[in-house]
Amino acid sequence: MHENFSLKAYNTFGVDAKAQYFAEVNSVEELIKSIKPANSQISKILFLGAGSNILFTKDFDGLAIKLNLKGITKEILDENEILVTAKAGENWHDFVMFCLNKNYGGLENLSLIPGNVGTSPMQNIGAYGTEIKDIFVNCQVLNLETLEVEAFDLEKCRFGYRDSIFKQEGRNNYVILEVTFKLTRKNHIIKTEYGAIKTELENLGIQNPTIQDVSRAVINIRQSKLPDPKVIGNAGSFFKNPTIPLVQFEDLKQKFENIQGYPKGDFVKVPAGWLIEQCGWKGKQIGNVASHQLQSLVIINATGNATGKEIFDFSTMIIDSVKEKFGIELESEVNII
């Protein structure tokens, strides 16, 4: 265990915050061994995956634990379905590529999403018409109070839009150890309804796409508009796409003819990126922080020297301006510490 440890290399914003204590664990046994003294001596514990969905606005006065649990196992159900289980510390995109190389379908639309497998159920990560809940079977978690391993199935996880029990009442009570997905071996369901995928497949000259083709299209799209965290500090999309009542959307349509929206019953999901861009934030920089020039949803550590507080203050200014103009309050996707 280390003291006064810099977390700059452990968060994709590249913010230089420090943890009072820090440890890396490679097994459940090591994890429990690290937690036991923490339960009596340390008031706060923070679990780190790839650090791709976290913003440190100050030093962390507790124990930060980096989860390096690794391993992938498989269980064939029948000629068409297979269960694939990945440990929490496996890189998400590498796991997706592993499955695609085996011709296992279901994860292709989630290609190139940053982070590790263990954090995927927390957010119910999703992209291009697919969410974790669509292929999720269960996850093994460690109960931080009893230090016993428990299983959470689909119902128990209570997935919502970028939400789950692990972000609500289960927050700080459990740590995810591994996740199991049900994937296809033969009769793959190809999802290309998302307009950008169709266009990219056409650009590639592909008429009858495979799951590998869909993944390639998704990767091309993401790389064309999202900055690489290894090159410039960011946490991907900083805000959720807000969902508002249909009545409110229709009122806004009277004032803003070009407002975009995706109806879902009596509600409409509005692209946060469009709202932010309409408020003049796309490509705008203040001090060390900016909204990315190609995707206004992404806040970047433009100079590499931004503090977490600078990034947080920048996000707050965006929230305030969108609320003032549209009456819609954006919500952060990123975990603010």
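A quick note: this is a predicted structure, and the numbers were derived from the prediction, not measured.
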Any side-chain heavy atom of [X] within less than 4.5 Å of one from [Y]?
X: Ile190; Y: Ile211; result: yes
X: Ile65; Y: Ile35; result: yes
X: Leu330; Y: Pro242; result: yes
X: Thr192; Y: Val214; result: yes
X: Gln207; Y: Asp213; result: no
X: Lys44; Y: Phe60; result: yes
X: Asn11; Y: Phe13; result: yes
X: Phe22; Y: Tyr10; result: yes

Answer yes when Lys240 and Glu333 have at least one side-chain N-carboxylate O distance shorter than 4.0 Å, and no when they do not.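 No, no charged N to carboxylate O under 4.0 Å.
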What do you reckon, is [atom1] of [X] surrounded by more than 12 foreign heavy atoms closer than 6.0 Å?
X: Arg222; atom1: CZ; value: yes
X: Lys156; atom1: NZ; value: yes
X: Glu257; atom1: CD; value: no

Assess the side chains of [X] and [Y]: does a donor N or O sit below 3.5 Å from an acceptor N or O?
X: Lys70; Y: Asn68; answer: no
X: Asn53; Y: Arg162; answer: no
X: Glu145; Y: Tyr174; answer: no
X: Asn220; Y: Glu200; answer: yes
X: Gln212; Y: Asn101; answer: no

Quick check: is [Y] connected to [X] through a chain of hydrophobic side chains (ILVMFWY, heavy atoms under 4.5 Å apart)?
X: Leu246; Y: Ile328; answer: yes
X: Ile125; Y: Leu154; answer: yes
X: Val84; Y: Leu77; answer: no
X: Ile299; Y: Ile336; answer: yes
X: Leu63; Y: Leu177; answer: yes

Step by step, work out the ring-ring contact (aromatic ring centres under 6.0 Å, His included) result for Phe256 and Phe326. CA-CA 9 Å; Phe256 306 99; Phe326 296 100; 4.6 Å; yes
Show, in sequence, the C-alpha distance, side-chain angles and deciding distance for Ile197 and Ile221, and conclude whether the side-chain contact (heavy atoms from CB on, under 4.5 Å) test is met. CA-CA 8 Å; Ile197 293 183; Ile221 294 166; 4.2 Å; yes
side-chain contact (heavy atoms from CB on, under 4.5 Å) evaluation trace for Leu142 with Ile32: CA-CA 9 Å; Leu142 181 68; Ile32 293 174; 4.0 Å; yes
Taking distance alone, no hydrogens or angles, what donor-acceptor pairs closer than 3.5 Å link side-chain atoms of residues 304-316 to residues at least two apart or in another chain?
unit_1 : atom_1 : unit_2 : atom_2 : d
Thr307 : OG1    : Glu310 : N      : 3.1
Thr307 : OG1    : Glu310 : OE1    : 3.4
Lys309 : NZ     : Asp313 : OD2    : 2.8
Glu310 : OE1    : Asn288 : ND2    : 3.3
Glu310 : OE1    : Thr307 : N      : 2.9
Glu310 : OE2    : Asn288 : ND2    : 3.1
Ser315 : OG     : Phe312 : O      : 2.6
Thr316 : OG1    : Phe312 : O      : 3.0

Separation of [Y] [atom2] from [X] [atom1] (nearest 0.5 Å):
X: Thr12; Y: Ile54; atom1: OG1; atom2: CD1; answer: 9.5 Å
X: Lys198; Y: Glu193; atom1: NZ; atom2: CD; answer: 7.0 Å
X: Asn80; Y: Asn187; atom1: CG; atom2: CG; answer: 4.0 Å

Starting from the C-alpha separation in whole Å, work towards a yes-or-no answer on side-chain contact (heavy atoms from CB on, under 4.5 Å) for Phe239 and Val334. CA-CA 7 Å; Phe239 302 101; Val334 176; over 6 Å; no
For Ser237, what residues pass the side chain to side chain donor-acceptor pair (under 3.5 Å) criterion, not counting sequence neighbours?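 None.
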Residues two or more places apart in sequence or in another chain: which of them pass side chain to side chain donor-acceptor pair (under 3.5 Å) with Thr184?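 For Thr184 the side chain to side chain donor-acceptor pair (under 3.5 Å) partners, ignoring immediate neighbours, are His188.
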Side-chain donor-acceptor pairs of residues 259-286 under 3.5 Å, sequence neighbours excluded:
unit_1 : atom_1 : unit_2 : atom_2 : d
Trp281 : NE1    : Ser321 : OG     : 2.7
Gln285 : NE2    : Gly287 : O      : 2.9

Using the ring centroid of each side chain, check whether Phe159 and Phe136 are separated by less than 6.0 Å.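 Ring-ring flag for Phe159/Phe136: true, centres closer than 6.0 Å.
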Check for me whether the distance between the ring centres of Phe181 and Tyr104 falls short of 6.0 Å.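 No, the ring of Phe181 stays outside the 6.0 Å limit from the ring of Tyr104, centre to centre.
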Could you list the donor-acceptor pairs under 3.5 angstrom formed between side-chain atoms of residues 109-120 and any protein atom two or more places apart in sequence or on another chain?
unit_1 : atom_1 : unit_2 : atom_2 : d
Asn109 : ND2    : Tyr128 : O      : 2.7
Asn109 : ND2    : Lys191 : O      : 3.1
Ser111 : OG     : Glu108 : O      : 2.7
Ser111 : OG     : Ser215 : OG     : 2.7
Thr119 : OG1    : Asn116 : O      : 3.0
Ser120 : OG     : Val117 : O      : 2.6

Considering all heavy atoms, the nearest Ala64-Leu7 contact: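 What the structure gives for the nearest pair is CB-CD2, 4.3 Å.
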Nonpolar side-chain network containing Ile300, other nodes, edges under 4.5 Å: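 Reading the cluster by chain and number, Ile300 sits alongside Leu226, Ile232, Val298.
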